[in-house]
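Let me begin by presenting the structure, written as structure tokens, before commenting on it.
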Amino acid sequence: MDNAVTKLLGTQYPVIQAAMSYVTEAQLAAAVCNAGGLGVIGTNPGVRIPERDAYKTGEIMRREIHKLRELTDKPFGINYVTPVNESDPSRIYADAVKKVFLEEKVPFIVMVSTMNDFIENEIKALTAAGANVLYREISCTVETCVRAAQAGAKAIIVTGLEGGGHVSDYNMTLLNILPQVTDVLTDIPIIASGGIINTKTARAAAAMGAAGAYCGTCFLLADECCAHPDFKQLLLDSRGEDAIIWRASTARMVTNQNYVGRICNALDRGGATRKEIRPHYAGKFGKAMLLGDLEQGCVTFSPSIGAINKIRPAKEIVEDIAHGFA
Ligand SMILES: Cc1cc2nc3c(=O)[nH]c(=O)nc-3n(C[C@H](O)[C@H](O)[C@H](O)COP(=O)(O)O)c2cc1C
């Protein structure tokens, strides 16, 4: 398949497996790369509890990059969750990861953030250092996409409210935001994200001007995904209407209505601050996804989940979505 995204990525298909903390390690990313898509290593790859040491965080990423390179010779990406400003306490971890991905000359960097002057300068600096930045704004607007493009991003990932994980602070679905972006940004590849799980949904994104898809939830149900079997079964049993959205420390979070989801939702509705809500879900994703604690862990997925009813090889998922762009 030949379009703006496959040309940029050097892949057979314009399908990118989205970064998801804990479960997007070398095994899944390599399966996606070998199937013709772009696999992306997420944060905390191959670990069961988050690493507290910044240097070791970077070295964990290096180990995973090496592992991936043993499993595939295809291009791949890694997730760079950018600090929001110079004094962000997460900066020491992000800097450690950045040092590693620059040293390792990782082909694509999926930079996820909330646009401001610091982020714009970071895109410029990474681009100047030779990195290929695919930029994903959490609370996506036309302005933030334009700013990222002007700063040097090689492609823009437009995420609508349909997605899993952190979602926009604005009530804009992919149907709302994607056509606005593709109207304005016509000379840079636009990749759609949020609720894309198969040919049909990919076709809708293509109709709105996207040349590729960045997909998370559907790859949770790949054979090669290391998520706990009970977590996978929960996803298979879940329906879109199980999803709720509440304010998180950054933007909003979509989860199911387990113990963690109910508490965070109630706190949000009761007017709690983002800072007050944070401890009730932060650091609890691995608990659900890796350890299978489906009540005390944080369970996030796209409401498109209702249409996913089987676990299948990553290759099948990649090809299914790719058909939508044919
Ligand atoms: C279980 C889960 C974990 C996620 N973790 C991360 C993460 O660590 N970093 C990140 O940038 N995005 C994360 N996301 C968001 C995805 O990268 C992606 O934007 C989203 O999954 C796209 O929507 P979809 O799930 O409908 O495909 C996560 C999403 C899910 C479902």
Side-chain angles (χ1 to χ4, degrees), residues 15-25 28-29 32 37-45 47 50 57 61 77-83 90 93-94 97 109-114 134-140 156-168 173-174 178 191-198 201-202 204-205 210 212-222 225-228 231-232 234-235 238 240 243 245 248 250-256 260-261 281-290 294 297-308 317-318 320-321:
V15 179
I16 307 174
Q17 161 256 307
M20 295 180 283
S21 49
Y22 296 101
V23 292
T24 47
E25 29 70 280
L28 176 62
V32 171
L38 189 85
V40 176
I41 301 174
T43 54
N44 298 312
V47 301
T57 300
M61 191 55 93
I78 79 148
N79 191 202
Y80 177 42
V81 181
T82 319
S90 74
Y93 301 101
V97 169
I109 309 304
V110 178
M111 186 169 158
V112 178
S113 201
T114 304
L134 314 180
Y135 184 75
R136 186 171 90 79
E137 174 76 16
I138 296 178
S139 291
C140 189
I156 304 294
I157 301 171
V158 175
T159 315
L161 208 49
E162 297 91 333
H166 282 96
V167 289
S168 181
T173 62
L174 205 56
L178 179 57
I191 297 160
S193 183
I196 301 172
I197 53 165
N198 54 20
T201 46
Y214 182 79
C215 313
T217 297
C218 55
F219 286 107
L220 291 171
L221 288 161
C225 176
C226 66
H228 194 281
F231 179 77
K232 288 186 173 181
L234 174 77
L235 296 188
S238 295
I245 295 186
T250 307
R252 292 185 284 179
M253 179 66 70
V254 51
T255 63
N256 76 348
V260 172
Y281 74 92
K284 296 189 177 174
F285 295 94
K287 210 172 192 180
M289 292 196 281
L290 286 179
L294 306 179
C298 190
V299 175
T300 178
F301 51 72
S302 160
S304 286
I305 196 73
I308 306 179
I317 301 172
V318 169
D320 192 0
I321 295 165

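Counting convention: from 1, in listed order, for ligands and their atoms alike.
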Verify, without hydrogens or angle tests, whether Lys232 (side chain) and Ala222 (backbone) share a donor-acceptor contact under 3.5 angstrom. yes
Please write down residue, atom name and distance for the protein heavy atom closest to atom 22 (C) of ligand 1. Ser193 OG, 3.3 Å
The closest protein heavy-atom partner of atom 28 (C) of ligand 1 is Met20 CG, 3.7 Å
Would you check whether Ser21 has a nitrogen or oxygen atom less than 3.5 angstrom from a nitrogen or oxygen atom of ligand 1? yes
Close N or O approach (Gly164, ligand 1; < 3.5 Å): yes
Taking only non-hydrogen atoms of Thr43 and a 4.0 Å limit, the atoms of ligand 1 in range are 8 (O)
Suppose we screen for ring-ring contact (aromatic ring centres under 6.0 Å, His included). Which residues come up paired with Tyr80, at least two apart in sequence or across chains? Phe101
Listed by chain and number, what are the side chain to side chain donor-acceptor pair (under 3.5 Å) partners of Thr300, not counting sequence neighbours? none
Under 4.0 Å from a heavy atom of Ala18: which atoms of ligand 1 are those, numbered in the order shown and with their elements? 16 (C), 17 (O), 18 (C)
Test item: Ser302 side-chain N/O and Glu162 main-chain N/O as donor-acceptor pair under 3.5 Å: yes
Would you say that Ile157 contacts Tyr135 through its side chain, given a criterion of any heavy-atom pair below 4.5 Å between the two side chains? no
Proximity flag Tyr22 to ligand 1, non-hydrogen atoms under 4.0 Å: no
Calculate, to the nearest 0.5 Å, the distance between atoms SG and CD1 belonging to Cys215 and Ile197 respectively. 9.5 Å
Within-cut-off N or O pair, Thr217 and ligand 1, under 3.5 Å: yes
Set out, in order, the CA-CA distance, both residues' side-chain angles and the distance that settles side chain to side chain contact (heavy atoms under 4.5 Å, CB included) for Tyr93 and Val97, then state yes or no. CA-CA 6 Å; Tyr93 301 101; Val97 169; 5.7 Å; no
Geometric N/O contact Gly216 with ligand 1, under 3.5 angstrom: yes
Would Cys215 count as a contact residue for ligand 1, given that I'm defining contact as a non-hydrogen atom of the residue lying under 4.0 Å from a ligand atom? yes
Numbered atoms and elements of ligand 1 in range of Thr300, under 4.0 angstrom, heavy atoms: 1 (C), 2 (C), 31 (C)
Near Arg136 (heavy-atom distance under 4.0 Å), the atoms of ligand 1 are 10 (C), 11 (O), 12 (N), 15 (C), 19 (O)
Atom indices of ligand 1 within 4.0 angstrom of Met289 heavy atoms, with elements: 1 (C)
Nearest-0.5 Å distance that lies between atom OG in Ser193 and atom CG in Leu178: 10.5 Å
Is Ser304 near ligand 1, meaning one of its heavy atoms is under 4.0 Å from it? no
What protein heavy atom lies closest to atom 10 (C) of ligand 1? Include the residue and the distance to one decimal. Asn79 OD1, 3.6 Å
Hey, which atoms in ligand 1 end up nearer than 4.0 Å to a heavy atom of Gly194? 23 (O), 26 (O)
Atom of Thr217, atom of Met20 and distance for their closest heavy-atom approach: N-SD, 4.2 Å
For Gly195, atoms of ligand 1 separated by under 4.0 Å from a heavy atom: 24 (P), 26 (O)
Check whether any N or O atom of Val112, backbone or side chain, sits under 3.5 Å from an N or O atom of ligand 1, and answer yes or no. no
Under 4.0 Å from one or more heavy atoms of Ser302, ligand 1 contributes atoms 25 (O), 26 (O)
Would you confirm whether Tyr214, through its side chain, and Ala19, through its main-chain N or O, come within 3.5 Å as a donor-acceptor pair? yes
N or O contact, Ala19 vs ligand 1, cut-off under 3.5 Å: yes
Donor-acceptor check, side chain of Thr82 to backbone of Met111, threshold 3.5 angstrom: yes or no? no
Between Ser304 and Gly195, is there a donor-acceptor pair closer than 3.5 Å when you use the side chain of the first and the backbone of the second? yes
